[in-house]
Amino acid sequence: LMKMLHIVCGKMLEGEILAMFKKVGIKGYTIISGVGGSGVTGTVPDANHSADHDAQTNTLFMVALGYEATFLPQIVVALKELRAKHIQGHDDREIPLKVFLQPCEIII
């Protein structure tokens, strides 16, 4: 059974997520930049509002895990380490990093 991993992060974490993908051997993924929204880390404007807000936008990574699901424990450990690294000195405020895992089925 395939899984779909969704990683929503602040633009500034994008490079670290990509480096982690390379480290654990993930070659296939989708990136959607300029994602806006509202949540515990605040309101993020969407990319259509202003180029000045680029540093505040989020990035969405989507990774379909078939045989790569064996990488999942490594991915989770790497993401927890990334979160821990950024939470230090952040006054226990939320950092812009959320990870979701859902069942995934290819229909076409």
Subject >> NZ-CD1 distance between K23 and I75, expressed to the nearest 0.5 angstrom >> reply: 12.0 Å
Original post:
Hey, what do you get for CG (L79) to CD (Q74), rounding to the nearest 0.5 Å?
Top reply: 11.5 Å
Original post:
Taking atom CE of M2 and atom CG of L65, what is their separation to the nearest 0.5 Å?
Top reply: 7.5 Å
Original post:
Looking at CD1 of I106 and CE of M4, how far apart are the two atoms once the value is rounded to the nearest 0.5 Å?
Top reply: 8.5 Å
**OP:** Please round to the nearest 0.5 Å and tell me the distance separating atom CD1 of I7 and atom CZ of F100.
**Re:** 11.0 Å
**OP:** Compare every heavy atom of L97 with every heavy atom of R83, then report the nearest pair and how far apart it is.
**Re:** CB-CD2, 3.9 Å
Subject >> Considering all heavy atoms, the nearest I31-T59 contact >> reply: CG2-CG2, 3.5 Å
Original post:
Should the pair F61 and F21 be assigned to parallel (<30°), tilted (30 to 60°) or perpendicular (>60°) ring geometry?
Top reply: perpendicular
Original post:
Side chains of L72 and L101: does their closest heavy-atom pair fall under 4.5 Å?
Top reply: yes
Original post:
Between CE of M62 and NE2 of H6, what distance do you get to the nearest 0.5 Å?
Top reply: 5.0 Å
Subject >> Nearest heavy atoms of I17 and C9, plus distance in Å >> reply: CG1-SG, 4.1 Å
Original post:
If we only count heavy atoms from C-beta on, is the L5 to Y29 side-chain gap below 4.5 Å?
Top reply: no
**OP:** Start with the C-alpha gap between K22 and K27, add the side-chain angles, then the distance that decides, and say whether side chain to side chain contact (heavy atoms under 4.5 Å, CB included) holds.
**Re:** CA-CA 7 Å; K22 188 173 184 177; K27 294 180 176 74; over 6 Å; no
Subject >> Closest non-hydrogen atom pair between L13 and P96, with its separation >> reply: CD1-O, 3.5 Å
